[in-house]
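Here the structure comes first, spelled out in structure tokens, and everything after it is commentary.
What you see is a predicted model, and the numbers here were worked out from it, not measured in a lab. Order of the sequence lines fixes the chain letters, A, B, ..., with proteins taken first and strands second; residue numbering starts at 1 for each chain. Values below: all heavy atoms of this structure, side chains included; hydrogens, waters and symmetry mates excluded.
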Amino acid sequence: MVQIKMPPKPIDNNIGYLELKNNNIYCSKVFLSDLGYSTKNKKISLEFFLSNLIHKDDSNQFRNNYFSFIKSNLDFRQSMLIESKNGKYKEFVCTTNHDDINFNNNKANSKFLFFNKRKYKTNKKVKKSQFYYKETAEMTSTGSWYVDLIKRKSYWDQQTRRILEYPEDYIPSINKSVSYYPKESFELVKKLFVMCYINGESFNTEIKMLTKNNREFWAKVKGKPVFNDKKKIIGVRGIFQDIDETKAKELSLQRTSNIIASQNKRLFNFAHIVSHNLRSHTSNLSLVVELIKATESKEEKIELINTVEDIASSLNDTIEHLNEVVTIQTSTNKSISPIKFSESLKHIKTSIGQIITKNKAMIDSDFSKIDTINYIPAYLESILLNLITNSIKYKHPERDPVIKIRSYIENSKTVLEITDNGIGIDLEKFGGKLFGMYKTFHYNKDAVGIGLFITKNQIEALNGEINVFSEVEKFTTFKITF
Amino acid sequence: MFLVKLKNSQPLKLLFNMNNKLIELACIIDDDDIYTNLVKRVIETKKLCKNLIIFKNGKQSIDYFEALLQNLEDSKIPDIIFIDLNMPIMDGWEFIEQFTKIKNRFNKLITLYIVSSSINPVDIDRAKSLNSIKGYLVKPIVINELEVIFNKSA
């Protein structure tokens with residue numbers, strides 16, 4: 001609250017007052033004439049005074065002060081605007097005692113409220129700026145707080161209480177500050193706070209806070225040290241601003257930008273792949289043409305023309321692979337629907353049943369933590385199929401393949417983990433290229449080097465992530481974070 | 001064929017075969033069967049060298065060279081190697097790295113050329129930075145230029 005400094009008190013014999021006696025209020029002559037009314041003492045009601053005379057911004061505070069005074073003899077001093085007869089407001093300072101007057105002798109049963117006309121109009125400005133301050137605080141959802149390090153107390157304004165969803169009479173305390181933040185942000189705030197009161201460093205951060213109703217929201221928290229005359233830090237003052245809406249927009253923008261960046265990266269890679277893979281065929285074609293031109297023998301020419309057929313067919317394969325990749329990029333807006341891992345796995349087991357039996361593969365699945373995911377069903381199947389067939393393809397020669405599949409939640413994201421007991425892969429050597437196109441690392445004849453590339457693209461097209469862990473001769477784990 | 005000049009490339013006059021000597025053994029490391037068959041045909045028709053060995057990836061060839069070290073036989077050590085970059089199991093870069101470690105033990109000058117369809121500047125710059133690489137040839141190779149290379153290396 002803004003403290004209003006009193007001007008030098010005008011000592012004046014004509015003092016306006018209200019006399020409070022047996023639930024009645026009497027208005028003094030001087031007070032009435034100050035307001036432009038006739039000069040007889042007059043009985044008025046509290047309601048009338050509150051709703052018709054006193055300015056609405058001041059009436060609540062006055063009511064509180066009034067009852068505390070009546071019931072508990074709590075003295076107060078309040079400045080306020082009171083409407084005079086001509087409709088203009090005049091400033092008064094209301095006090096419960098007066099240096100010059102002692103009525104107690106003759107009016108023992110009465111209590112008095114004195115109203116001194118303010119000679120200086122400073123209050124008006126303060127009132128006005130207080131109005132703007134309140135308005136600004138409310139419209140920007142900014143609350144202020146102060147922590148008194150000497151008294152070890154903390155203070156909030158009403159706006160802070162409102163932001164944090166605490167009742168208006170809630171008294172904050174330093175000890176309870178842990179409940180104003182989620183765990184992870186509390187540690188950070190504590191650090192900033194300590195740095196502030198030890199080193200005098202101001203802070204300004206965006207952090208998650210916790211309301212009384214346990215609702216998390218993003219807040220801007222600013223703080224700065226408060227010094228005494230001897231330049232010693234005696235407190236920390238600052239603001240909380242509710243920036244949840246802005247932050248949500250910022251985060252969604254950040255997400256969009258990440259998606260664009262990753263799509264751009266994929267497109268760039270794709271351009272390289274296209275250029276490289278198509279070039280290798282076209283360069284073979286030009287070489288054949290050159291050879292055909294150079295050779296005289298008819299038989300050799302015919303033989304070379306046959307080579308063109310081979311080139312055409314491998315060019316076709318490449319185009320098909322590239323096509324598959326393009327389809328991934330363009331079909332992410334395809335129907336995403338809830339699908340069960342168990343359902344998807346069942347389909348795969350049926351479609352590659354022969355391979356599974358032939359290789360004596362054991363598939364052990366556990367989807368008890370989470371079984372349903374919103375995804376493109378075809379992708380989920382393709383991902384599972386690729387990883388399972390990989391596990392079988394690269395099984396250890398000395399043992400039957402065992403593939404463990406489980407799903408769980410990590411950082412509020414669904415994770416699917418597929419672990420095999422196969423030959424593993426030297427990640428130090430091949431880790432960087434594992435998901436590249438046409439990269440194969442084993443001597444298997446049927447290794448094409450397209451499966452993991454497609455899998456990674458499918459996962460990333462839906463903003464997921466795939467990671468691999470492996471130990472040669474022991475196991476390989478693919479971890480998909482959806 | 002397109003020859004990228006490297007820092008240790010030789011002066012032009014050496015490009016011509018002065019003494020009509022034939023290269024004894026050339027080596028091609030490339031996983032593209034069609035390509036290797038075509039080059040083989042070129043080499044045979046033009047009689048560019050006496051013998052040719054072909055490997056399908058870096059690992060195969062490194063295995064060959066390591067075995068050779070146990071029992072050095074001059075006729076089995078190639079005078080010139082053409083290596084592709086993009087290959088399964090062990091790619092060109094890895095081969096070059098491993099080969100550079102052992103090449104001095106052969107007591108023979110072995111010339112190394114990269115032959116790739118990659119026109120990625122990253123690859124070309126990387127090749128330029130390696131002293132062990134004589135040249136970077138971008139596919140498609142041109143028969144005449146292949147002849148020049150063989151002749152100057154003989």
### Message
Would you say NZ of Lys474(A) has more than 12 non-hydrogen atoms from neighbouring residues, nucleotides or ligands within 6.0 angstrom?
### Response
no
#### Entry: Engaged part of Ser286(A) at the chain B interface, taking heavy atoms whose separation is under 4.5 Å
side chain
## Note on the structure
The reported gap from CG in Asp32(B) to OG in Ser314(A) (rounded to nearest 0.5 angstrom) is 7.0 Å
### Query
Are more than 12 heavy atoms from other residues, nucleotides or ligands located less than 6.0 Å from atom CD of Glu309(A)?
no
### Query
Could you name the residues of residues 33-46 of chain B that have a heavy atom within less than 4.5 Å of a heavy atom in chain A?
Ile34(B), Tyr35(B), Leu38(B), Val39(B), Arg41(B), Val42(B), Thr45(B)
### Message
I need the Thr282(A) OG1 to Lys139(B) NZ distance, nearest 0.5 Å.
### Response
10.5 Å
### Query
What part of Thr295(A) lies closer than 4.5 angstrom to a heavy atom of chain B: side chain, backbone, both or neither?
neither
### Query
How about Lys349(A): does its NZ atom have over 12 heavy atoms from other parts shown lying under 6.0 Å from it?
yes
### Task
Can you see which heavy atom on Arg279(A) is nearest to which on Ile119(B), and at what distance?
CZ-CG2, 3.8 Å
